Amino acid sequence: MKEKIQELLIAAQKALKDKGVLPSEMPTVKATLERPRHKAQGDYASNIAWVLAKEGKQSPRTIAEQIIREFPASPFIEKVEVAGGGFINFYVLPATYGAVIERVLTEGKHYGSSNLGQNRKVLIEFVSANPTGPLHVGHGRGAACGASLANILSASGFSVHREYYVNNVGRQMDILAVSVWLRYLELLGGQAITLPLNTYVGHYIIDIAQAFMEKVGRQFYALLPGCASKQEATKGEAGERELDALLIEAKSLLGEEKFTAVRTFGEEAILKDIQEDLTQFGVTFDAWYKEQSHFRDGKMQKVIERLDATGDLYHHDGALWFNSSKYGDEKDRVVRRGNGELTYFASDLAYHLTKVERGFDVLINIVGADHHGYTTRLTAAMKALGYPKILNFILVQFAVLTRGKERLSMSTRSGVFVTLRELREMVGNDAARFFYVMRKSSQHMNFDCELARSKSHENPVYTIQYAHARVASVFKKLAPLGWRYDQTMGLQNVGLLKTKEEERLLGKLSEYPDCVEAAAKQYEPHPVAHYLQECAGCFHRYYNEHRVLVEEPPLRNARLALSLAVKQVVANGLSLLGVSAPDTM
RNA sequence: GCGCCCGUAGCUCACUUGGAUAGAGCAUCAGCCUUCUAAGCUGAGGGUAGCAGGUUCGAAUCCUGCCGGGCGCGCCA
């Protein structure tokens, strides 16, 4: 319907140009059509007259009136009116409202899909948490957001590739290795040790050490390094230096080969845990891209050569710098340190260059808000490399977990985390997936666990799933009453659906494709979550007001068809968000 | 100190990227009611969109300054 009106508007513009009312060299604009908030403003509205007025040198009101005069007749349109200063309101014939039911039932699970993306290749990178510990609730939001967005883009005709970037290089991984090793020594030695500052202290490290011990026995035993046998951890800068010394000591005590073995064991154990966690959460990836692979095949050298060719690299104080301030960053960044080592930034550049080389047209990076400082320098580098527009960052703000009034998760600084697994066990996967994407990702959000786990109408997930289950339960009622659903009869009689609630519901169903499209264009899943709440709300209001299983077969089957369409749309929307659509609750 | 994000009803949040009288859900208040399994339904009140300017036919949305909150500012990863 929307497309049809847009075509008619283009035809009307053409007619005006032919008649010389509008300058013929003026570009034809595709009108933006929206759904007015108020019923008195028609079913669709366009501001096209305002847009044309700028170039056409006439008042919007006059142009609007002329468009209406040239607007071709259509069997679907009841009337077209000018309102306000130049809005054009379109009134669709109420008899055609019901047509959406047949469309939904025919298209089934594909209703809402489109060819918006024209098969363009999108790489969506998300979660990408360092493999040094379990995922926490902050990662959960990125995971839910990315997985849902990937579904939405996929349904919108994009060819979607989901990727997790594994930062398995650098000091943090060495620290992980030492953390595991010290716990291993503790297990063998039977005496408690003091873990130095900034090592990983979670219980999961002990589990990994235990598994490691079971695998290798005493082969990795050595005397306790000096600073691990102290009574108390050293704090501040001195603690960091002590940690560096410990890393060196551990490497020399174990030898490079054994040290690497511990590190790899730890990394693999944690990655396995993360993968299980995400899989249970319904979040899957097409690839787990390991940072370490850059160092093997010369990608680092290649990206530096590419950048050097643009003339944006320079030497200063013995280091190699990228002139990122030229491209909007606040200062320049080091690519290779004075000691010859490449920085994390260089590695990230190499990774992003591979994304382009792998032939993706659109890159979407979903990152936590705490990493926003990194976005400008990467964007700057992509500009320098000649891809000014390819990279899109979605910044996901932290979710504050609450249970009623009680605050559960602390800020990053305090280091007290609730794990994603704990959250899932507390509220269930469905509620977690939905609550995470209920708000615009750039918004700080409140995640009320008490609400999420409650089975009441106040809980949006419950209400939406219930709409789906409610339709299923109505259909189960049919047989005991001696009736059968006759879809042909139902579709023939959709004209009988003309109560206020039915018209609203039909309108809501026809909005669904627009909603998915909006979500795809914004790279945001939350419009779908919002839509589902509205759609379910409309259905429940309808259901409370009118009886579906009435005596007269034509009306009964029409209402059953409508209900079935609602069930389908709810199921489609929930599936985009990775939430189940149960038949019974 | 500098940079980025955010500020909308009592609370949690929308407004389809500059359009019409800023909308939902909770909570509150007033009525109704016992249902195709769902203690529910209907209606009402509630707003200077942080504050102050600016841009234009038109601003919650764009630009500037202040106020308040979050996050980030290494030749760390």
Side-chain angles (χ1 to χ4, degrees), chain A residues 32-38 40-41 45-47 50-51 53-54 59-61 83-87 89 130 132 167-175 240 291 316-321 329-331 333-345 347-348 368-376 395 397-398 400 402 411-413 438-440 442-448 451 455-460 463 466 469-471 473-478 481 511 514-515 517-519 521-522 524 526-527 529-531 533-534 537 540-541 543-550 556 559 563 584-585:
Chain A
T32 58
L33 268 191
E34 52 181 65
R35 303 268 183 166
R37 263 190 285 272
H38 302 96
Q41 294 166 347
S46 174
N47 66 340
W50 295 102
V51 182
K54 282 206 167 120
S59 81
R61 176 106 206 169
F87 283 94
N89 295 339
N130 295 338
T132 53
N167 288 118
N168 59 348
V169 173
R171 186 168 179 261
Q172 60 180 346
M173 297 309 295
D174 289 345
I175 296 173
E240 288 295 324
E291 182 184 7
H316 179 71
D317 283 348
L320 187 61
W321 294 72
D329 200 1
E330 55 188 291
K331 57 188 250 191
R333 308 290 173 178
V334 171
V335 174
R336 190 172 56 221
R337 297 200 284 270
N339 65 7
E341 278 177 37
L342 293 159
T343 59
Y344 172 79
F345 177 48
S347 165
D348 235 23
D370 53 335
H371 288 101
H372 69 76
Y374 232 76
T375 61
T376 25
L395 288 179
Q397 297 290 335
F398 286 116
V400 177
T402 59
S411 65
T412 329
R413 288 253 169 251
M438 202 164 48
R439 308 299 180 208
K440 189 159 51 175
S442 63
Q443 273 279 2
H444 302 266
M445 69 169 286
N446 234 18
F447 192 126
D448 188 342
L451 179 62
K455 296 196 187 319
S456 75
H457 71 283
E458 289 167 41
N459 181 350
T463 307
Y466 180 48
R470 206 168 209 180
V471 175
S473 108
V474 169
F475 271 78
K476 275 180 213 143
K477 268 265 163 191
L478 274 175
L481 290 166
E511 271 175 41
D514 299 343
C515 159
E517 183 179 321
K521 282 182 174 165
Q522 294 174 55
E524 275 280 359
H526 89 275
H530 262 264
Y531 173 87
Q533 290 183 73
E534 286 169 11
H540 289 309
R541 268 190 293 282
Y543 185 88
N544 286 324
E545 192 66 28
H546 304 286
R547 213 180 161 80
V548 173
L549 298 179
V550 293
R556 182 175 71 233
R559 288 186 169 172
S563 304
T584 53
M585 293 181 70

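Since we're looking at a predicted model, the values are computed, not measured.
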Give [X] one of three labels, base, sugar-phosphate or nothing, depending on what nucleic acid heavy atoms sit under 4.0 Å from its own.
X	answer
H371(A)	nothing
N89(A)	base
M173(A)	nothing
H316(A)	base
D514(A)	nothing
H530(A)	sugar-phosphate
A369(A)	sugar-phosphate
V169(A)	sugar-phosphate
R35(A)	base
Q533(A)	nothing

* Among side-chain atoms of E291(A) and S347(A), is any donor-acceptor pair under 3.5 angstrom? -> yes
Using the [atom1] atoms only, state how far [M] lies from [N], rounded to an integer number of Å.
N	M	atom1	result
A49(B)	A44(B)	P	23 Å
C15(B)	G25(B)	C1'	15 Å
G47(B)	C41(B)	C1'	28 Å
G10(B)	A27(B)	C1'	8 Å
C75(B)	G68(B)	C1'	37 Å
U56(B)	G46(B)	P	35 Å
G31(B)	A38(B)	C1'	23 Å
A60(B)	G54(B)	P	15 Å

* Asked: Under the 3.5 angstrom rule, does the side chain of N544(A) hit a backbone N or O of H540(A) as a donor-acceptor pair?
  -> yes
* Judged by atom type as modelled, is there a donor-acceptor pair below 3.5 Å linking the side chain of T343(A) to the main-chain atoms of V335(A)? -> yes
So which nucleotide does [N] pair with, by the Watson-Crick or G-U wobble rule with both distances under 3.5 Å?
N	result
C26(B)	G10(B)
G1(B)	C73(B)
U64(B)	A52(B)
C57(B)	G19(B)
A39(B)	none

* Asked: Whole-Å distance between C76(B) C1' and E341(A) CD?
  -> 11 Å
Respond yes when some side-chain nitrogen or oxygen of [X] is under 4.0 Å from OP1 or OP2 of [N], and no when none is.
X	N	answer
H526(A)	C15(B)	yes
N167(A)	A77(B)	no
Q443(A)	A14(B)	yes
H546(A)	U35(B)	no
R559(A)	C36(B)	no
K440(A)	A14(B)	no
R547(A)	C36(B)	yes
R439(A)	C6(B)	no

* To do: With syn defined as a glycosidic angle within 90° of 0 and anti as everything else, classify U21(B).
  => anti
* Asked: Hey, does the side-chain of H372(A) have a donor or acceptor N/O within less than 3.5 Å of a partner on the base of C71(B)?
  -> yes
* Structure fact -> Closest non-hydrogen contact found for A369(A) with Q397(A) is CB-OE1, 3.6 Å
* Are the ring of F87(A) and the six-membered base ring of A20(B) within the stacking cut-offs of under 5.5 Å and under 30°? -> yes
* Asked: Is the aromatic ring centre of Y543(A) closer than 5.5 Å to the centre of the six-membered base ring of C36(B), with the two planes inclined by less than 30°?
  -> yes
Report yes if some heavy atom in the side chain of [X] is under 4.5 Å from a heavy atom in the side chain of [Y]; otherwise report no.
X	Y	answer
H444(A)	V400(A)	no
Y543(A)	R470(A)	yes
T463(A)	Q533(A)	no
V548(A)	K477(A)	no

* Which nucleotide in A20(B), G70(B), C36(B) has an atom nearest any side-chain atom of A83(A) -> A20(B)
* To do: Give the nucleotide from the list G3(B), C5(B), C76(B) with an atom nearest to the side chain of E330(A).
  => G3(B)
* Mapping S473(A) and R541(A) onto RNA chain B by nearest heavy atom, which one lands closer to the 5' end? -> S473(A)
* Toward the 5' end of RNA chain B, by each residue's nearest nucleotide, E534(A) or N446(A) -> N446(A)
